[in-house]
Amino acid sequence: MLPYAVILITLALVFYTIGVWAENIQGVLKKWHLGMFCLGLVFDTSGTYVMGQLAKAGSNQNGSFHLITGALALILMLIHAIWAFIVLYKNAKQMLQKFHKLSVIVWIIWLIPFLSGMIYSMLK
């Protein structure tokens with residue numbers, strides 16, 4: 001199951017990173033960016049579920065830091081996607097252009113559990 005979890009989490013990284021940085025570089029939120037955020041969220045949630053199953057089986061114990069930051073990252077990704085939908089729905093030019101500041105902050109926070117899980121696994 002570990003290879004599936006790694007693939008899912010890596011796909012989350014790829015899609016979420018593409019969405020965040022494309023939106024940041026383009027300077028305005030677009031519908032396809034929201035699609036990338038959602039794909040990242042789906043893959044991250046799926047990967048987290050598989051990792052949780054591994055942890056229950058006792059083969060992956062990353063500790064409370066990883067658990068707390070991972071839960072926070074998932075919640076922030078969900079809020080980020082919902083906020084992106086609202087901004088797109090309202091179609092307010094100023095909001096569309098300033099959205100990228102939030103995206104980068106959420107992405108950086110998301111990297112914390114991603115990197116801590118990777119580092120922990122490498123140190124085992």
Are [X] and [Y] in one and the same hydrophobic cluster, where Ile, Leu, Val, Met, Phe, Trp and Tyr link if side-chain heavy atoms are under 4.5 Å apart?
X: Ile79; Y: Leu39; result: no
X: Leu11; Y: Met36; result: yes
X: Leu76; Y: Ile108; result: yes
X: Phe114; Y: Ile75; result: no
X: Val42; Y: Trp110; result: no

Smallest separation among heavy atoms of [X] and [Y], with atom names:
X: Pro113; Y: Ala73; result: CG-CB, 3.8 Å
X: Ala81; Y: Leu34; result: O-CD1, 3.4 Å
X: Ser116; Y: Thr69; result: OG-OG1, 4.5 Å
X: Val6; Y: Met51; result: N-CE, 4.4 Å

Is any side-chain heavy atom of [X] closer than 4.5 Å to a side-chain heavy atom of [Y]?
X: His33; Y: Lys30; result: yes
X: Asn24; Y: Phe99; result: no
X: Phe37; Y: Leu29; result: yes
X: Thr48; Y: Ile9; result: yes
X: Leu13; Y: Leu111; result: yes
X: Leu41; Y: Leu74; result: yes
X: Val28; Y: Lys93; result: no

So the side chain to side chain donor-acceptor pair (under 3.5 Å) pairs with at least one residue in residues 13-22 (sequence neighbours excluded) are Tyr16-His80, Thr17-Trp107
Rounded to the nearest 0.5 Å, what separation is found between the [atom1] atom of [X] and the [atom2] atom of [Y]?
X: Phe43; Y: Ile7; atom1: CZ; atom2: CD1; answer: 10.5 Å
X: Ile112; Y: Leu115; atom1: CD1; atom2: CG; answer: 8.5 Å
X: Met77; Y: Leu72; atom1: CE; atom2: CG; answer: 12.0 Å

If you measure only the distance, is there a donor-acceptor pair under 3.5 Å linking the side chains of His100 and Gln26? no
